[in-house]
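The chains referred to below are lettered A, B, ... by the order of the sequence lines, with proteins before strands, and numbering in each begins at 1.
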Amino acid sequence: MTDLCRRQFLTISGKVLAASALVTPAHAMELELGGKNFHQLRTYHPRTRSHYTCTLCPYFDGGFSYEEGGRIQKTEGNPDHVASRGKFCAKGLASFLGAYDPERITTPLKRVGPRGSGKWQAIEWDAAIAEVAARVKEALPEPDTIVVNEGGHRDGMSRFMNTLGSRSLLRSSAPGLGGVAKQTALQQMFGVSYLLPDLEHSKYVLNFGGNIMETALPLAQRLTDGLVNNRLKLVTFDVRMSNTAGRSHEWIPVFPGSDGFIALAMCQHILQKGLADNEFIRTWTNTTAEELLVALQPYTPQKAAEISGVAEKTIKRIAFEFAKNQPASIFSMNGVSRREQGVDVEQACLLLAVITGNIDNEGGCCLPRQFHIAAPQPAPKPVDGAALRLNYLFPFQVMAGKHPVKVLFNHMSNPVYSAPAASMWREILKDEKRIPFLVDFSPFMSETAELADLILPDVVAVERHDLVSAPTALWPWASISTPAVRPQFKAQDVRETLKKIVEAIDPDGQKGMKQYWAFANAKKWVEQSCAATPGMETAYKKMVAKGYWPDYGKVDPADRKVVKDGEPLAVQYGLYKQTGFATASGRIQVKVPTLKSNPQHEKLQAGQFVMTTYKVAYHVLSMTSNLKYLSEIWHSNPLLINKESALSLGIRDGSLVRVTTPAGYMVTRAMVTQGIHPRVVALSTSVGRAAYGRVAQAKPDQPLPAFAQPELKDDDIDDNVWWRDGGVSPNEILPIAISAQNGEQAWNDTVVSIAPAERGDVYGTVHADNAKHIAIFKQMTA
Amino acid sequence: MGDQEPQPKQHRSYGIQTPGTKGVRGKKRYAMVVDLRKCIGCMSCSIACKTEYGLPLGVWRTWVKVMEKGSYPNTKRIFMPRLCNHCDYPVCVRNCPTQATYKHEEGFVLQRYNRCIGCRTCMVACPYNARHLLPEKRTDGNLPRMVVDKCTFCIHRVKKGVLPSCVQACVGGARIFGDMNDPESEVSRLLSTETVAVLKPELGTSPAVYYIGADWEIMDEPHSYTNRSVQNREEFNDFKRNHKGDAFADIVEGESLMAEVGKNWIGYLKTIPHKAKETLAAFKIFLFD
Amino acid sequence: MEESIVTYNAFHHVAWGTTISVYFWLVGASAGSFVISSFGWVFGIKRYKPLTMTASVTAIIMLLLVPFLLTWDLGKPVRFIYLLIPGYWHSTGPMAWGTLLICLYPMSMMVYSYFVIKSNQTFAKVFGIVAIVLALSTHWYTGVVMELNPGRFLNHTALAPLLFLTGAFISGIGLMNVIVWIRNMLLPEEKRFDWTLVYEMAQFMMYGIVFDIFLLFLDFMQTIYGSQNEVIGHGVVLMQVFRFPYLWLEMVIGLFIPLIILVTPLKRTKAGAIVASLLVAVGVYGMRIWWVMGGQYLQSFY
Ligand SMILES: Nc1nc2c(c(=O)[nH]1)N[C@H]1C(S)=C(S)[C@@H](COP(=O)(O)OP(=O)(O)OC[C@H]3O[C@@H](n4cnc5c(=O)[nH]c(N)nc54)[C@H](O)[C@@H]3O)O[C@H]1N2
Ligand SMILES: Nc1nc2c(c(=O)[nH]1)N[C@H]1C(S)=C(S)[C@@H](COP(=O)(O)OP(=O)(O)OC[C@H]3O[C@@H](n4cnc5c(=O)[nH]c(N)nc54)[C@H](O)[C@@H]3O)O[C@H]1N2
Ligand code: SF4
Ligand code: SF4
Ligand code: SF4
Ligand code: SF4
Ligand code: SF4
Ligand SMILES: [Mo]
């Protein structure tokens, strides 16, 4: 019976009445924030709850998943978790849909036909493991020819590489929060990799190139509390109006890459006016206010104004306000760090917090508090010479024959979509001579997985045992995932898959590899991880019970303060006062950088713009575009262009435009807006998919792939997907631009030419020229 | 409860439609305050609601309107979460021919799926677009289909002592829910200390969703039409072309209107098979069960 | 320059569409035809007596199509029965009244027709009066069911039922004339109706048209001097998106061209009267379209 029958209804309405007669809460705040879930109709049936930590992005919010009928029905934040405080963002809330994606890969797939032809044969795990083991064995004499490309958070991949003795572990990004530039800047200055702005207690927040409200959700909830309860003032420097900029008290549109000049000029102004915390500088840094002022001499507000286009008056005013409204904090992200001089600019921004003494104080920039989750012991030793290596240059090195590869593993990364010069990745991965064997652990048919020889489907987050920690609260925490559902069909946790591969390579343990893979399953892995983590040795049982650890008390849903025994929980600020900073000198290492403006940007011609690609609140890079509710909100990415600039080029709202980079061009639609710097154009990431499925590609009528499980068929997707514009991705034509300083792609420095589309141009065309990519690479490395 | 004071005179109620309970002593009146100063446009509310109810694509119980305002460089982004107002004078309830939608004495305006005939009178009546017809196809076919659905203020959670799903999920903490008749509640506190606005107050529907810091332009109905971005208009046209609302009057702008009317006819005819199937099934049950 | 652009909004369907607009037209045409049918037996205008059965049958057929159309328009067609069951019936819902009217009106017409066939003047007159009241009510209701939505600015006017009734009157006559013409073409000489009837009905139609134009003018005044919603509703929705049914189909084709024909000697020609009638009958459908869909259109963006 498809409808709720009458009898059922009567029971429900009976229950409602009964409930309304019985429940008489004294007042409305008696309602709990969450932690329970019920069927919406069937007699309000309660659902089984288990602990779930969202790992879609590095903020790792702790929460719950709710199961009914063998299926996860809902995920949400854990209301008493000190970091998430009950909140998941849209992505975290929709994340469980991935488990039931009709196009999910649920059994090992072996390629039939040429690479990328889309024909697959389902095979048994045993056969798949045997094949991989044979390939690895064959390559073992030269372990560096076994390559792993990894994104996401660390699982078993580095252990696997250490077991095999390979140094070829590539990553699409640095693990943790912020990129390499940010982490390097912080390490040099403070000896830590992250600083958490205490937003709910700040009076004044300067946000440089970060998009707190869309990309840093645990911080965003603290920011809104600060905005309303503490009346903080928020000033955002960004080249376009992000949601954060649009909700800031002031959005200061800057010329791309000029933030460093502004930050240093503000420092100079603050020092000059005697508004700095000279005492703090003297005691806790390697310099003095006087010395600093001298070093800052070249960075005058006037110069900053010239380079950034922001009025000198404004720079001075904001500097003054920042110094006067204490405590104050700084937030900075990719907008300033993912570019040529990323480390320097990050340090310039942070200097503002240092000179005003806003370090690890209430309302300032706080040192990270977190557990460093260790791997189960015994663990293989890292191979000599292995270091964090980003994957950007890999295709060029392979192409140049400098990186022999016998087996390439890919895990939680999708370079054919997400990396710069993505078309180069496509080319090398298609080439069986260069990459003889490609194994992907992806649960979804990503642009990269499409080119694999073998797909060994991993589980998705709601099915995975996990233990994570992130420095997103002022108390250290760790949280756990204890899934209530089994992996769909034959999907298997990557750590178990790796274990089986190792066991097949070293069946009797003689190679000394098997000993590191003695854990029984992923659950045991987590248990042993916990036991190996400093400070958490005995926490496992409590973790499993509560979902997080330690237990600091309850979060009051009204003001979101952590309350223990009726008292708000105090934060211990000024951690450095006991032990000093984790730098060699124990002090903050201040160095006034020598900033250069980008010569390419200086001579922009008419029709030339700096292009930025930005993340939106509703997607995580290429992970989420097949989650129907998220793609329903965000599925296309018109090119944002300033109204006046557009008019001068004869571009109207909605008209087709050609975006040309030195490596090719693409055709997309313009969205003319007032919310962007006149010399900048912007495209969002996460859409414009060539693979991944019908929802991601906005092609619901496309037939389901042969490997799809009929049980996962979703009538909603078949019938109700209404959008047809799937967006365009620029990564294939984004030329490689590796910052000499941070080794990172300078995502936000790309110069492009914009023109109305030419005759015959078709929306969605992306034309990349790999010869040009290679020429750019050669020029860059020359 | 247990309060024995004389009750103020209430106007007549029809059927099970209880009169509004704002300010009525001894009665609860659930209401929501949306503090737009805290809204960051994350749309967690919208997704939490969709997952709570397994809502099909193309229909929303709550959504967030977004507007860009101002001219470079003085621009702002405005967010406006929307949902059913659980009006104290609900036109939708009054106009429903079968009493399928009704007003609960604690303020909820609710829907009885097994009574609803899918006539959509209530959708026409609601001035806020708070209602939708559930499409024939959805992920869980055992949930209601082809009947009208709307925000329920999550009565199934509230009655179990938990906040509505969108309030639970609201990252900014912008959504506050509670009993506005209870002077101790957070909603009462906000309603008495902050300046609030409701949507279309001139219609006299007496909404129970209050906004703090609302922007007049985004609250304005004609504005939503005349100031759409081109992108938004194209998206809406895609929606009208492709979302299989049964027998709806979705006119694609810029296409020949009479051809669009013709397409509506085709859409209507296309509903024959699935409706016939259901009709047959109903008769079978009627005759043989 | 201050600008503001809505960049995101959830999308909404227009809830009532083509079916409802056709239904409004059918009810109107039926009521109009029935008025003609009643001329002879209720109002005692003898020369209309021959037309009675044709008009009555037309009215009944038009109306019998309605339940099928409407029931099938429901999300749950089987549940149409809820509209008639006392425990479900909701006294304040206009549609509940409409259901009763749609049931009673054809019944009363049938009873009336029965007595007409039996040539029972007294009962024919009594049931004719009942039926005519029901005919008017049924069509009044179609106006009311849209009118009683205070949020639909283009529909929320007390003129609505009058506009509908006037439309019914002229489209009913128009339809009758066309039927008479077709009938006369098909039947042998002796069974044909007198053409003067057609001319005379066309004359009535002309008065209706004039009144309809007057009502539309009132409506126009109200919207153009109304709230922002009404002004935009008129200027953008009716004059742009719904320009064809509103301006061309209803006004030009359905009212002004027929009016021109009917005030000139053309009205005394067969062709003139028939063309005018046909145009009016079709033109009224234009009004049904913009009235139903246009009224809801603006709000579907809100
Ligand atoms: N929703 C969502 N959240 C995420 C992720 C996700 O994919 N989606 N990914 C996570 C990951 S891996 C990362 S690295 C972080 C990234 O988080 P963010 O750094 O906050 O995000 P981005 O969009 O990369 O860039 C931030 C902003 O920099 C601006 N910008 C570009 N050039 C300049 C400039 O020259 N100066 C200034 N001041 N601003 C500039 C862009 O317009 C953009 O708004 O987010 C994390 N959180
Ligand atoms: N143009 C442009 N490009 C960018 C950026 C930008 O700002 N602009 N930002 C860059 C940044 S900051 C980052 S961090 C990178 C991210 O880039 P990558 O690290 O490559 O991450 P994703 O593209 O999200 O790919 C993750 C893949 O993992 C797979 N996957 C999804 N869920 C699971 C799971 O549960 N288990 C397993 N095993 N696999 C899963 C899917 O195939 C998915 O495609 O992108 C970069 N790319
Ligand atoms: S911010 Fe969102 S995606 Fe990131 S961990 Fe939290 S819930 Fe997951
Ligand atoms: S908002 Fe609409 S659906 Fe909700 S109670 Fe008011 S009139 Fe009814
Ligand atoms: S669609 Fe359902 S709830 Fe709405 S008016 Fe019709 S019967 Fe009532
Ligand atoms: S109260 Fe419940 S049903 Fe209403 S919008 Fe919020 S989550 Fe959805
Ligand atoms: S969840 Fe809260 S902050 Fe986010 S869009 Fe909805 S109302 Fe605004
Ligand atoms: Mo990243």
Presence of salt bridge, A/Asp719 and B/Arg138, under 4.0 angstrom = no
Please state whether the side chain, the backbone, both or neither of A/Tyr100 comes within less than 4.5 Å of a heavy atom of chain B.
-> neither
Considering all heavy atoms, the nearest B/Val171-A/Arg560 contact | O-NH1, 3.0 Å
Interface moiety of A/Ile676 toward chain B, non-hydrogen atoms closer than 4.5 Å | backbone
Minimum heavy-atom distance A/Lys36-B/Lys160, with the two atoms named | NZ-O, 4.1 Å
Which atom of A/Asn720 lies closest to which atom of B/Pro135, heavy atoms considered = ND2-CG, 3.7 Å
Could you tell me which portion of A/Asp714 (side chain, backbone, both or neither) has an atom closer than 4.5 angstrom to a non-hydrogen atom of chain B?
-> side chain
Heavy-atom distances under 4.5 Å only: say whether A/Pro678 touches chain B with side chain, backbone, both or neither.
-> both
A/Met671 portion near chain B, given a 4.5 angstrom heavy-atom threshold | side chain
Please state whether the side chain, the backbone, both or neither of A/His249 comes within less than 4.5 Å of a heavy atom of chain B.
-> backbone
Tell me, side chain or backbone of A/Thr75 under 4.5 Å from chain B's heavy atoms, or both, or neither?
-> neither
Where on A/Leu33 is there a heavy atom nearer than 4.5 Å to chain B: the side chain, the backbone, both, or neither?
-> both
Indicate the atoms forming the closest heavy-atom contact of A/Leu93 with B/Thr51, along with that distance.
-> O-CG2, 3.8 Å
Side chain, backbone, both or neither: which part of B/Cys39 has an atom under 4.5 Å from a heavy atom of chain A?
-> backbone
For atom CD of A/Glu644, decide whether the heavy atoms of other residues, nucleotides or ligands shown that lie under 6.0 angstrom number more than 12.
-> no
Heavy-atom pair of closest approach, residues B/Ile78 and A/Arg247 | CA-NH1, 4.1 Å
Go through the atoms of A/His39 and report whether side chain, backbone, both or neither lie under 4.5 Å from a heavy atom of chain B.
-> both
Among B/Cys154, B/Ser46, B/Cys45, B/Gly173, which has the most heavy-atom pairs under 4.5 Å with chain A?
-> B/Gly173
Which atoms of B/Val167 come close to chain A, meaning under 4.5 Å heavy atom to heavy atom: side chain ones, backbone ones, both, or neither?
-> backbone
Is it the side chain or the backbone of B/Leu36 that comes within 4.5 Å of chain A heavy atoms, both, or neither?
-> backbone
Which heavy atom of A/Ala220 sits nearest a heavy atom of B/Ile40, and at what distance?
-> CB-CD1, 3.8 Å
Tell me, for A/Ser242 versus chain B, whether the close heavy atoms (under 4.5 Å) come from the side chain, the backbone, both or neither.
-> backbone
Tell me, side chain or backbone of B/Glu234 under 4.5 Å from chain A's heavy atoms, or both, or neither?
-> neither
At a heavy-atom separation under 4.5 Å, does B/Asp140 approach chain A through its side chain, its backbone, both, or neither?
-> neither
Output all residues satisfying side chain to side chain donor-acceptor pair (under 3.5 Å) with B/Arg241, sequence neighbours left out; order by chain, then residue number.
-> B/Asp238
Could you tell me which portion of A/Val228 (side chain, backbone, both or neither) has an atom closer than 4.5 angstrom to a non-hydrogen atom of chain B?
-> side chain
